[in-house]
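Data first, discussion second: the structure below is written as structure tokens.
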There are 2 protein chains.
Amino acid sequence: MKLTTKGRYAVTAMLDLAIHAKDKPVTLQDISGRQGISLSYLEQLFAKLRRNELVKSSRGPGGGYQLQEPASDIAISRVIDAVNESTDVTACGSKGNCHNGQQCITHDLWCELSEQIHSFLSSITLQTVINKQQAKEQVELLDNREQNNTFILSQVS
Amino acid sequence: MKLTTKGRYAVTAMLDLAIHAKDKPVTLQDISGRQGISLSYLEQLFAKLRRNELVKSSRGPGGGYQLQEPASDIAISRVIDAVNESTDVTACGSKGNCHNGQQCITHDLWCELSEQIHSFLSSITLQTVINKQQAKEQVELLDNREQNNTFILSQVS
DNA sequence: TATTTACCCTAGTAATTTAGTCGGTTATAA
DNA sequence: TTATAACCGACTAAATTACTAGGGTAAATA
């Protein structure tokens with residue numbers, strides 16, 4: 001499990017698709033404009049996303065990309081794994097052929113942690129993130145209304 | 001929140017400390033030998049860990065590093081944040097001054113996710129990871145014993 | 001006090017990854 | 001047929017990672 005800006009770009013682009021490609025495909029040009037990611041970098045990312053069957057493409061005018069599955073079926077971990085080629089984390093390549101047993105203990109510990117992070121990100125889907133955000137906006141809306149009602153108090157804090 | 005090999009090295013080293021520096025300090029030389037990380041790279045990482053008050057050092061012969069707090073009080077997120085200088089994730093620098101509202105939606109979504117990952121890693125301490133690993137070893141021990149009892153069956157699968 | 005031991009700091013550097021450019025080709029809809 | 005937009009590969013600048021080198025400084029032991 002690796003979590004870099006590359007994975008963030010991929011997740012961001014997938015979220016953009018989930019939001020904007022409901023009925024008709026969305027072009028990379030659109031995503032590029034909205035999210036501030038260069039077109040050719042998006043092309044590279046989407047080649048991987050396509051190979052991993054996370055998006056489907058249609059060519060020609062009116063073409064573009066769509067999610068291959070509903071947003072509620074696409075876990076964040078799948079998106080990140082798709083663009084971050086699998087990296088062998090351990091020094092010994094998980095073969096357990098370290099010189100002495102001691103040496104591998106913390107490797108195992110890290111693998112255990114990495115596994116936990118992975119399974120956590122497997123439990124979160126694109127839809128989860130969108131829902132969470134919408135809920136947050138609701139709260140903020142209520143907060144703002146509350147704030148207007150108690151304007152003087154809010155200035156104190 | 002960023003999760004790279006750099007953070008992994010830091011967590012690995014901290015886990016090594018948690019395990020080996022119970023009573024007396026552990027030298028970076030020892031960690032370097034056990035974990036296969038170069039000494040001067042460790043020095044760089046530990047400079048940051050020290051600045052973030054995660055470890056304490058003692059000089060002179062018999063000196064080295066120890067955790068500054070019990071392993072059960074040190075969350076993984078703190079270790080990773082300590083070595084990965086805080087990076088502004090959003091294009092607009094979280095200022096919300098994007099050209100149009102649309103543009104920032106997925107930025108917000110990513111921040112929300114990033115926050116979730118961070119709070120998840122805040123809930124896991126060095127001790128958690130060690131305990132989890134020990135529990136796993138227990139299960140494997142039982143599995144192996146079971147396997148010996150049903151040796152013929154295990155050869156089939 | 002002298003010397004060992006180990007932390008501390010800066011600068012530089014090779015390797016890798018990230019992010020982007022360029023120049024095309026193929027498929028498709030209007 | 002023409003414009004559109006996905007697809008493809010090679011190449012490159014910038015940033016980051018992982019490491020090296022070397023000269024300090026502080027503390028403990030003898």
Side-chain angles (χ1 to χ4, degrees), chain A residues 2-13 17 20-21 24-68 80 82-91, chain B residues 1-13 17 20-21 24-33 35-66 68 80 82-89 91:
Chain A
K2 215 170 68 173
L3 201 59
T4 63
T5 45
K6 196 175 188 179
R8 200 187 76 227
Y9 277 134
V11 172
T12 299
L17 270 196
H20 295 101
K24 57 174 68 174
V26 158
T27 68
L28 294 187
Q29 207 98 34
D30 287 349
I31 299 177
S32 172
R34 270 195 296 268
Q35 306 304 333
I37 311 170
S38 88
L39 180 60
S40 13
Y41 195 45
L42 276 176
E43 283 184 349
Q44 285 174 42
L45 296 179
F46 272 79
K48 292 182 178 183
L49 293 172
R50 208 178 71 95
R51 274 197 288 275
N52 283 268
E53 296 175 346
L54 290 170
V55 297
K56 59 186 170 189
S57 63
S58 47
R59 293 180 157 193
Y65 286 96
Q66 282 177 301
L67 298 183
Q68 193 150 3
I80 292 172
V83 295
N84 290 336
E85 254 88 72
S86 66
T87 46
D88 245 349
V89 180
T90 53
Chain B
M1 193 82 245
K2 217 169 68 174
L3 201 60
T4 62
T5 45
K6 198 176 188 179
R8 199 186 77 226
Y9 276 134
V11 172
T12 299
L17 271 196
H20 295 101
K24 56 174 68 175
V26 158
T27 68
L28 294 188
Q29 208 99 35
D30 287 349
I31 299 178
S32 172
Q35 306 302 334
I37 311 171
S38 88
L39 180 59
S40 7
Y41 195 46
L42 276 177
E43 283 185 349
Q44 286 173 43
L45 295 179
F46 272 78
K48 292 183 177 184
L49 292 173
R50 210 179 72 93
R51 273 198 289 276
N52 282 270
E53 296 175 345
L54 291 170
V55 297
K56 58 185 172 191
S57 62
S58 48
R59 294 178 156 194
Y65 285 97
Q66 281 176 303
Q68 193 150 2
I80 291 172
V83 295
N84 288 336
E85 254 87 72
S86 67
T87 44
D88 243 349
V89 180

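Each chain gets a letter, A, B and so on, in the order its sequence line appears, and its residues count up from 1.
Considering every non-hydrogen atom in both B/Q66 and B/L17, the closest pair reads C-CD1, 4.1 Å. For the residue pair A/S32 and A/I37, the shortest heavy atom distance occurs at OG-O, 2.6 Å. Nearest heavy-atom pair, B/S58 versus B/P25, reported as atom, atom and distance to 0.1 Å: OG-CG, 3.4 Å.
Counting to the nearest Å, the P atom of C/dC8 and the OH atom of B/Y41 are 18 Å from each other. As a whole-Å value, the separation of A/N84 CG from D/dT16 P is 16 Å. A/L28 places its CG atom 16 Å from the P atom of C/dA19, with the value rounded to the nearest Å. The separation between A/K48 atom NZ and C/dA19 atom C1' is 12 Å, rounded to whole Å. When rounded to the nearest whole Å, the span between NZ of A/K6 and P of C/dT16 equals 15 Å. Here the P atom of nucleotide C/dG23 and the CD atom of A/Q44 are 17 Å apart, to the nearest Å. When the C1' atom of D/dA5 is taken as reference, atom NZ of A/K56 falls 18 Å away, rounded to whole Å. Distance, A/R8 CZ to C/dA19 P: 8 Å, rounded to whole Å.
Counting only heavy atoms from C-beta on, A/T4 has its side chain closest to C/dT18 among C/dA11, C/dT18, D/dA10. Checking D/dT16, C/dC9, D/dT4 against every side-chain atom of B/E43, the shortest atom distance belongs to C/dC9. Distances were taken from every side-chain heavy atom of A/T27 (C-beta onward) to each of D/dC19, D/dA6, C/dT28; the shortest belongs to D/dA6. Set against C/dT18, D/dT16, D/dA6, the side chain of B/K2 has D/dT16 as its closest nucleotide. Comparing C/dT18, C/dC8, C/dT21 by their nearest atom to the side chain of B/Y65 picks out C/dC8.
Between A/F46 and A/Y65, the angle of the ring planes lies from 30° to 60°, which puts this pair in the tilted group.
Looking at which nucleotide of DNA chain C each of B/L39 and A/G60 is closest to, the 5′-most match is held by B/L39. In terms of position on DNA chain C, the residue among A/V83 and A/G62 whose nearest nucleotide sits closer to the 5' end is A/V83.
Between B/R50 and C/dC8, a side-chain N or O to OP1/OP2 separation shorter than 4.0 Å is present. For the pair A/S58 and D/dA5, the criterion of a side-chain N or O lying under 4.0 Å from OP1 or OP2 is not met. Between C/dA19 and A/S40, no contact under 4.0 Å exists linking OP1 or OP2 to a side-chain N or O.
Residue contacts shown for A/F46 are absent, as no nucleic acid heavy atom lies under 4.0 Å away. Within 4.0 Å of B/S57, counting heavy atoms only, lie sugar-phosphate atoms of the nucleic acid but no base atom.
Atom CD of A/Q29 is surrounded by 12 or fewer heavy atoms from other residues, nucleotides or ligands within 6.0 Å.
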